[in-house]
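Structure record follows, encoded as structure tokens.
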Amino acid sequence: MILKLAWRNIWRNKRRSLITAASVLFALFFALIMRSMQLGAYENMIRNVVGVSTGYIQVHAKDFWDEKTLEYSMERNPSLEQKILSTEGVADVVPRLESFSLASTGNATKAAAILGIDPQKETEYFDFDNGLQEGEIFAENGKGILLSEGLAEYFKLKTNDTLVLIGQGYHGVSANGKYHVNGVVKLRSPELNKRLAFLTLKEAQFLYGADNRITSFVVIPERENDFPELTESLRTGLDTAAYEVMNWREMMPELVQAIQADSAGGLVMLFILYLVISFGIFGTILMMTSERQYEYGILTAIGMKRGKLALTVVMETFFLSLLGVIGGGLLALPLVLYYHYNPINLGGGEMGDAYEEYGFEPIIPASIDPSIIFTHSTIVLFISVLLSFYAVWKIYYLQPVKAMRS
Amino acid sequence: MPVIETHNLERVYQDGSQVIKAVDGIDLQIDEGEFTAIVGPSGSGKTTLLNLIGGLDKPTGGQVSIAGENISDLSDNQMINFRLEHIGFVFQAYNLIPVLTAVENVEFIMLLQKKSKVERRRRATQLLEAVGLGDRLDKKPGELSGGQQQRVAVARALASKPDFVLADEPTANLDSASTANLLDIMARLNREENMTFVFATHDQRVIDRAKRIITVEDGKIKSDVKVDH
């Protein structure tokens with residue numbers, strides 16, 4: 001009956017309750033949209049980075065990340081690979097060999113980043129084939145080259161055209177080769193999409209004279225969010241004098257800082273939003289408490305314990321906010337889902353250019369991470385319960401005789 | 001043993017530099033089955049006396065005993081429990097919970113006593129039938145007349161099986177017919193079930209039905225008369 005009492009009390013002043021619930025609804029709606037967009041943008045940035053670029057975790061030879069030359073490459077050691085694979089939480093490892101070459105065809109020449117990959121694994125873990133624009137992904141022992149869309153456009157190359165790579169390999173050997181274009185892929189990161197070309201790992205090792213050598217093992221975690229703990233486990237298990245284990249946060253600290261700075265701005269906005277609805281909810285509680293002094297006096301007089309009375313009032317506020325929270329969630333959900341599957345395209349605008357400049361796909365998809373709705377609903381409900389403690393305080397210090405005279 | 005006993009009861013208020021003795025050394029005994037009216041002009045101290053007897057206010061001197069138990073030293077929580085188990089209240093007006101139906105209002109007090117749902121419903125229905133509201137069980141206070149609301153309040157006051165019922169100006173907002181009807185019900189409950197009623201009132205219609213009239217003036221008992229009807 002306490003629940004019934006709390007629920008029915010909400011509807012004693014229907015208009016006021018609806019206005020309060022509506023203020024919670026709109027605040028939560030805007031909070032969810034804002035945060036989903038913001039976190040969605042970050043997720044997109046991270047996806048761009050951890051996809052073809054770094055992966056969640058990499059194992060390199062010591063100092064490779066600082067020097068980034070083949071001299072700091074490492075032997076593809078089966079025991080190392082096995083050790084990584086046997087670490088709890090590791091789903092797989094993907095070997096890569098990365099270097100630079102001058103790419104040339106006809107009169108055009110451009111510096112290109114060359115990535116030697118295991119095409120099957122890259123396709124499996126990084127949706128590598130999704131961006132295929134023409135041609136095909138090469139087989140494991142394929143001899144051709146896959147060009148990023150930007151590079152293909154620069155050289156005006158199509159499938160089966162020829163590209164020459166000229167560069168320096170392991171220990172300074174000359175690294176030259178002529179390749180048929182196997183296909184063209186569009187990469188999510190605009191920066192990489194302008195300068196990256198792929199060879200099979202074997203072909204890259206051959207080109208750079210780095211037989212059986214790789215520059216990194218990209219570690220695929222079983223659960224992506226567990227990457228910080230997994231980084232530590234790998235560090236504990238591997239010889240850190242010979243190898244370095246880095247996760248994407250460590251490899252891209254500037255991205256982490258940019259996200260943190262931007263996120264802090266968003267949180268300030270949310271704080272202001274919550275402050276505004278807090279005043280709305282508090283106004284309702286204030287009026288409700290002052291209007292019902294007489295009733296509280298009667299209820300205490302007839303034998304209702306203050307704790308039970310306070311619980312009823314807290315539940316009333318909770319239900320009121322819950323109505324707003326459910327409404328806000330239901331209103332925001334379709335919009336969040338829509339923008340998740342149809343991200344806002346910033347291409348062509350100033351903001352889009354800024355995104356591309358930093359190497360990100362110029363889109364803002366909404367995040368559908370359920371923790372966003374859970375967190376913000378909990379915050380709103382917590383605020384309302386916290387504010388209802390004003391009424392609780394009034395009830396605890398209520399003198400029935402005085403209250404009944406009001 | 002008296003149901004209510006006060007000994008040298010005092011309630012002093014401080015209003016700035018002025019000391020007001022609302023209740024000034026009252027000794028009183030009310031036995032089971034009495035139908036008593038405490039009367040007096042406004043400001044005489046009758047409501048303060050009723051509040052002290054009901055444990056709604058704390059005396060500044062003397063003591064109140066209910067069924068032999070001194071309630072003056074009970075803590076706030078103990079007092080709430082004591083009121084729930086021993087005292088029924090009927091206030092002047094608006095003393096029902098507006099969002100609950102008549103039967104739920106009566107049940108509410110038994111819910112606080114942790115009585116079972118079946119028992120609550122059975123007794124609440126029985127009491128509402130006894131006050132002539134058997135056909136208004138599911139009506140909310142707003143759908144009942146003032147007299148009907150007061151009858152629900154009487155049913156609620158009796159629901160907890162109290163030792164006595166305190167009624168503070170219960171007829172103040174009622175018309176003559178409703179007042180007569182309410183007093184008939186209370187008198188019948190007093191006669192048939194030996195329920196003790198104590199009224200604080202200046203309504204002559206109530207005074208005319210009381211079997212004992214205690215007149216209070218300036219916080220003191222001026223007269224205490226038993227009446228035979």
Side-chain angles (χ1 to χ4, degrees), chain A residues 1-18 284 287-320 323 391-406, chain B residues 11 13 22 47-48 50-52 54-58 75-101 103-115 117 120-121 124 140-142 153 156-157 159-160 162 165-166 168-169:
Chain A
M1 197 180 282
I2 297 286
L3 275 176
K4 202 191 273 181
L5 184 62
W7 177 252
R8 288 190 192 166
N9 271 337
I10 295 175
W11 304 110
R12 282 167 75 165
N13 193 329
K14 219 178 254 177
R15 190 183 296 173
R16 188 172 66 202
S17 296
L18 286 175
T284 301
M287 281 190 275
M288 179 182 90
T289 312
S290 121
E291 271 170 13
R292 281 158 56 186
Q293 284 295 298
Y294 179 83
E295 185 181 319
Y296 293 160
I298 297 270
L299 288 170
T300 326
I302 65 171
M304 189 173 192
K305 281 198 178 142
R306 291 168 201 273
K308 223 166 225 172
L309 182 56
L311 181 69
T312 315
V313 176
V314 172
M315 280 201 294
E316 257 179 75
T317 321
F318 180 80
F319 284 150
L320 196 59
L323 281 176
V392 172
W393 172 71
K394 289 295 261 187
I395 287 166
Y396 269 92
Y397 287 97
L398 176 124
Q399 292 175 329
V401 174
K402 222 175 182 175
M404 282 190 287
R405 269 197 223 117
S406 65
Chain B
R11 183 63 172 98
Y13 295 105
T47 296
T48 307
L50 206 74
N51 287 339
L52 290 170
L56 296 174
D57 199 0
K58 285 224 174 238
S75 70
D76 186 62
N77 251 344
Q78 286 171 325
M79 197 60 241
I80 290 176
N81 265 342
F82 190 87
R83 285 200 296 267
L84 178 64
E85 300 297 336
H86 296 273
I87 310 171
F89 288 94
V90 180
F91 299 101
Q92 193 171 327
Y94 313 113
N95 64 75
L96 300 177
I97 302 169
V99 292
L100 299 183
T101 62
V103 74
E104 285 169 345
N105 260 288
V106 180
E107 272 188 59
F108 187 72
I109 206 106
M110 291 181 275
L111 175 89
L112 299 176
Q113 289 180 311
K114 299 188 172 76
K115 297 268 165 63
K117 197 175 176 180
R120 283 185 340 235
R121 187 48 62 117
K140 287 194 177 152
R156 185 185 64 185
S160 63
V165 173
L166 294 178
D168 187 11
E169 305 278 13

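Every chain is numbered from 1 and lettered A, B, ... according to where its sequence line falls, protein lines coming before strand lines.
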| said: At a heavy-atom distance under 4.5 Å, which candidate from Ala301(A), Pro400(A), Gly297(A) has the highest pair count against chain B? | reply: Ala301(A)
| task | Using the side-chain contact (heavy atoms from CB on, under 4.5 Å) rule, take Tyr396(A) and Asp76(B) through it: C-alpha gap first, then chi angles, then the decisive distance, then the call. | result | CA-CA 10 Å; Tyr396(A) 269 92; Asp76(B) 186 62; over 6 Å; no
| task | Give, as side chain, backbone, both or neither, the part of Ile87(B) having an atom under 4.5 angstrom from any heavy atom of chain A. | result | neither
| request: Start with the C-alpha distance between Lys305(A) and Asn81(B), add both sets of side-chain angles, then the distance that settles side-chain contact (heavy atoms from CB on, under 4.5 Å), and finish with yes or no. | output: CA-CA 8 Å; Lys305(A) 281 198 178 142; Asn81(B) 265 342; 3.4 Å; yes
| field | Test item: Arg306(A) side-chain N/O and Asn77(B) main-chain N/O as donor-acceptor pair under 3.5 Å | value | no
| said: Quick one, Trp11(A) and Val99(B) - any side-chain contact, counting heavy atoms below 4.5 Å? | reply: no
| note | When the 4.5 angstrom heavy-atom criterion is applied to Ile109(B) and chain A, the contacting part is side chain
| field | Contacting region of Asp57(B) [heavy-atom separation from chain A under 4.5 Å] | value | both
| said: What's the separation between atom CG in Asn95(B) and atom CG in Leu299(A), rounded to the nearest 0.5 Å? | reply: 10.0 Å
| If you round to the nearest 0.5 Å, how far is CG of Leu5(A) from CG of Leu111(B)? | 9.5 Å
| request: Examine whether an atom of Pro162(B) lies under 4.5 Å from a heavy atom of chain A, and if so say whether it belongs to the side chain, the backbone or both; otherwise answer neither. | output: neither
| query | Distance from Gln399(A) atom CD to Asn51(B) atom CG, nearest 0.5 Å? | reply | 11.5 Å
| said: To the nearest 0.5 Å, what is the distance between CD1 on Ile97(B) and CE on Met304(A)? | reply: 7.0 Å
| field | Contact origin within Lys140(B) toward chain A - heavy atom pairs under 4.5 Å | value | side chain
| query | Going through the distances and angles, do Phe89(B) and Ile298(A) end up as a side-chain contact (heavy atoms from CB on, under 4.5 Å)? | reply | CA-CA 9 Å; Phe89(B) 288 94; Ile298(A) 297 270; over 6 Å; no
| query | Where is the tightest heavy-atom contact between Leu56(B) and Val401(A), given as atom of each residue plus distance? | reply | O-CG2, 3.2 Å
| So which part of Gln113(B) gets closer than 4.5 Å to some heavy atom of chain A, the side chain, the backbone, both or neither? | neither
| note | If one checks every heavy atom of Phe108(B) against chain A at 4.5 Å, the contacting part turns out to be both
